[in-house]
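Worksheet: the structure to be examined is printed underneath.
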Amino acid sequence: MKKGVWLYIFPILIAPLSYFNRIIISNNLSVSDVGIFYSIIGLFTILSMYNDLGFSEALNFFIPKFLVEKQYDKVKTTIYSTFILQFLTSALVSTALYFGADFLAIHYFHAAEAVNIIKIFIIYFICLNFFQSLQFIFIVFQDTLRNKFIDYIQALLIFILILIIWRWWFDNQIMYYSFAWCLGIFGATSIGFLVFFKKYLHVINLGKFIFIKKDYFKIQKFAIWSLVWMNLSFLLLNLDQQLTIYLLWPEKAWYYANSTLFFNILNVFIWPFMWFMYPLAAELIAKNQHDKINFLINFLQKYYWAFSIFTSFFFFVFAEILIKIFLGDKFLISGDILRRSILFLYFNIILNLYQNFLSGMWKVKERVNVMIWWLIFNLISILILSKIFDIYGIALANWLTNLFIFALFLYYFTKLNIKIYIDKKFLIKNIVYCLLFWIFSRFFLLDKLSTVSSRLILLLYFCIIWIIYCIWMWIINLQELRLFFYEIQKMRKK
């Protein structure tokens, strides 16, 4: 739990840098250029997930096991094999991207000017693969500080370079921002390697590099399952953005990307709880205490429901105000999309909770099956609804997909003899108070805020309203929150 503190601190430090980057880029490039810029980053990030055939993910399982057993030969062989595989596949994929840049620019991004940007971002692609491997290595050594520190260095370097271009370069072209992004991750990867060699090289050098075919295929088998799940997850995460640029072109793609910007804020608060849940669920399964698994799922989902409800209602009410503050008037369409899609956040948070429970319970096939259906249903619904409702169809497709997957998770939990119980009284209470807040805001706040021209003053008002709103919801749920912290303490003692 002490190491988990860094999982809170660094994301909080990184978040404002990332949002400032988006604000600067959004306000200094055309909508079409911004759409191309972030869509290329998204595409290259997807490709990076396929690059090492799942070996980086397999490090999470095998390296701790080898360290406990003091099999240092296998530790060194596994880590070095991963780096060698990263180098070979990165070189191969980068070559294909370089010579295929013209085809991708014309037929995928629908923009001839994207050719040079794709070639520049090949640097980003190569560095990203090694950067992700370093992060996995730090995690297997339970070094959350350095894992998140290099994340922060990357965000900080990119922010500094973008700030220099915006403030002193005077030529705000997409090419310069692309170089800034690539140099940022190159610097962070270089620092990551320096930390790796200084901190962990002596442990790795306790063993010898010995290639054993039997061990290789054992790791590869595990890696393939990890690769399937990991890439399905990442494809799903980026599917709507990539389909938006392909079906509706770059300008609408960036309107949609900005509408999803504020979903990432929630991850700062949610994922550390997921880290707590993983080992606890696995331990309970190992002890065959399925009744406690059932209690844990229902206990946590009760508070996830409440958190998602009061947060998404707030975003629903102030969607256009948020976009105006952070991105400016030219992206107000993004606020309209945000308002239409934000309520699917209810199911999005709960589905992530359910998915992580399947991971903690080592239900690999069930987890992959859910991802396959999730991807198929989302793909079909986007293809159909985007033709009917244009960009708003993407938001509707996410709604329907999450409802379908929610039902599928209930089916799998039933097969695992886990009964999902929803505290309707607690849920309805929070919805009622959120509706009262919406009515109050509709008649007394929104009209007055819409007359404020200064974005800085608007941000100040917004922060004050958010603080008051959070205090109000805290008071309303005070009894349940006391129960929550009491149960968490009990679990930690056990």
Side-chain angles (χ1 to χ4, degrees), residues 8-31 34 37-38 152 155-156 158-168 172 177 254-270 307-343 345 433-434 436-475:
Y8 279 108
I9 292 175
F10 280 112
I12 291 171
L13 296 174
I14 291 169
L17 298 177
S18 301
Y19 295 133
F20 281 129
N21 289 340
R22 286 215 180 198
I23 291 167
I24 293 172
I25 291 172
S26 296
N27 282 279
N28 290 279
L29 296 179
S30 67
V31 174
V34 177
F37 182 82
Y38 279 102
Y152 174 69
L156 182 62
I158 291 173
F159 172 70
I160 292 171
L161 292 169
I162 285 177
L163 195 64
I164 291 171
I165 293 170
W166 169 65
R167 183 64 182 85
W168 290 288
N172 291 290
Y177 288 116
W254 188 236
Y255 284 134
Y256 180 78
N258 278 334
S259 73
T260 62
L261 175 64
F262 300 97
F263 286 92
N264 297 326
I265 296 173
L266 297 174
N267 290 331
V268 174
F269 304 98
I270 292 171
F307 178 77
S308 61
I309 287 171
F310 93 79
T311 305
S312 55
F313 255 95
F314 187 85
F315 280 56
F316 175 79
V317 173
F318 294 104
E320 290 186 1
I321 301 293
L322 281 167
I323 296 297
K324 183 178 179 179
I325 291 172
F326 291 104
L327 300 173
D329 291 331
K330 71 177 181 180
F331 288 104
L332 286 178
I333 293 175
S334 298
D336 195 27
I337 300 168
L338 176 63
R339 178 178 289 113
R340 295 167 186 256
S341 62
I342 191 66
L343 295 180
L345 177 66
Y433 280 109
C434 286
L436 291 174
F437 171 77
W438 173 74
I439 294 170
F440 175 81
S441 301
R442 178 70 181 83
F443 289 101
F444 298 102
L445 292 178
L446 290 177
D447 290 339
K448 292 181 180 180
L449 290 174
S450 63
T451 61
V452 179
S453 58
S454 171
R455 289 165 67 177
L456 185 60
I457 295 175
L458 200 57
L459 175 61
L460 179 62
Y461 287 152
F462 175 81
C463 291
I464 293 171
I465 294 169
W466 170 249
I467 292 170
I468 294 172
Y469 179 71
C470 289
I471 293 172
W472 184 47
M473 295 305 296
W474 181 281
I475 293 171

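Fair warning: this is a prediction, and the values are worked out from it, not measured in the lab.
- Not counting sequence neighbours, Trp474 has no partner by the ring-ring contact (aromatic ring centres under 6.0 Å, His included) test.
- With hydrogens and angles disregarded, a donor-acceptor distance shorter than 3.5 Å links the side chain of Ser334 to the backbone of Tyr255.
- Taking every heavy atom of both residues into account, Phe462 and Leu322 meet most closely at CZ-CD2, 3.0 Å.
- Under the 4.5 Å side-chain criterion, counting only non-hydrogen atoms from C-beta, Asn28 is not in contact with Ile165.
- Across every non-hydrogen atom of Ile25 and Val34, the tightest pair is O-CG2, 3.7 Å.
- Tyr469 pairs by the ring-ring contact (aromatic ring centres under 6.0 Å, His included) definition with Phe310, Phe314, Phe437, not counting sequence neighbours.
- A pairwise comparison of heavy atoms in Phe331 and Ile323 identifies O-CG2, 2.9 Å as the closest pair.
- When side chains are defined from C-beta on, Trp472 does not count as touching Ile475, because their heavy atoms never get closer than 4.5 Å.
- Side-chain contact check for Leu332 versus Asp336: every heavy-atom pair is 4.5 Å or farther apart.
- Shown here for Leu446 and Ile321, the closest heavy-atom pair between the two residues is CD2-CG1, 4.5 Å.
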Exercise for the section: For the pair Leu17 and Tyr152, evaluate side-chain contact (heavy atoms from CB on, under 4.5 Å) and give the outcome as yes or no after the intermediate values. Expected result: CA-CA 9 Å; Leu17 298 177; Tyr152 174 69; 3.9 Å; yes
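- The two atoms that bring Gly335 and Ala319 nearest to each other are O-CB, 3.4 Å, heavy atoms only.
- Listed by first and then second residue, the salt bridge (Lys or Arg N to Asp or Glu O under 4.0 Å) pairs that reach into residues 313-328 are Glu320-Arg339, sequence neighbours excluded.
- Within the model, atoms CD1 of Ile158 and CZ of Phe20 stand 15.5 Å from one another, a figure rounded to the nearest 0.5 Å.
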Problem - Stepwise side-chain contact (heavy atoms from CB on, under 4.5 Å) check, Leu459 with Phe326 - result: CA-CA 9 Å; Leu459 175 61; Phe326 291 104; 4.1 Å; yes
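- For residues 445-467, the set of pairs meeting the salt bridge (Lys or Arg N to Asp or Glu O under 4.0 Å) definition, not counting sequence neighbours, is empty.
- Taking the six-membered ring where the residue is Trp, Phe315 and Trp466 present perpendicular rings, their angle passing 60° and hence far from 30°.
- Residues that satisfy the ring-ring contact (aromatic ring centres under 6.0 Å, His included) test with Tyr461, not counting sequence neighbours, are absent from this structure.
- Cys434 approaches Ile309 most closely through the heavy-atom pair SG-CG2, 3.9 Å.
- Here the CD1 atom belonging to Ile24 is positioned 5.5 Å from the CZ atom belonging to Phe159, to the nearest 0.5 angstrom.
- Qualifying ring-ring contact (aromatic ring centres under 6.0 Å, His included) partners for Phe443, counting only residues two or more places apart in sequence or in other chains: none.
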Problem - Residues Leu445, Val317; criterion side-chain contact (heavy atoms from CB on, under 4.5 Å); working and verdict - result: CA-CA 10 Å; Leu445 292 178; Val317 173; over 6 Å; no
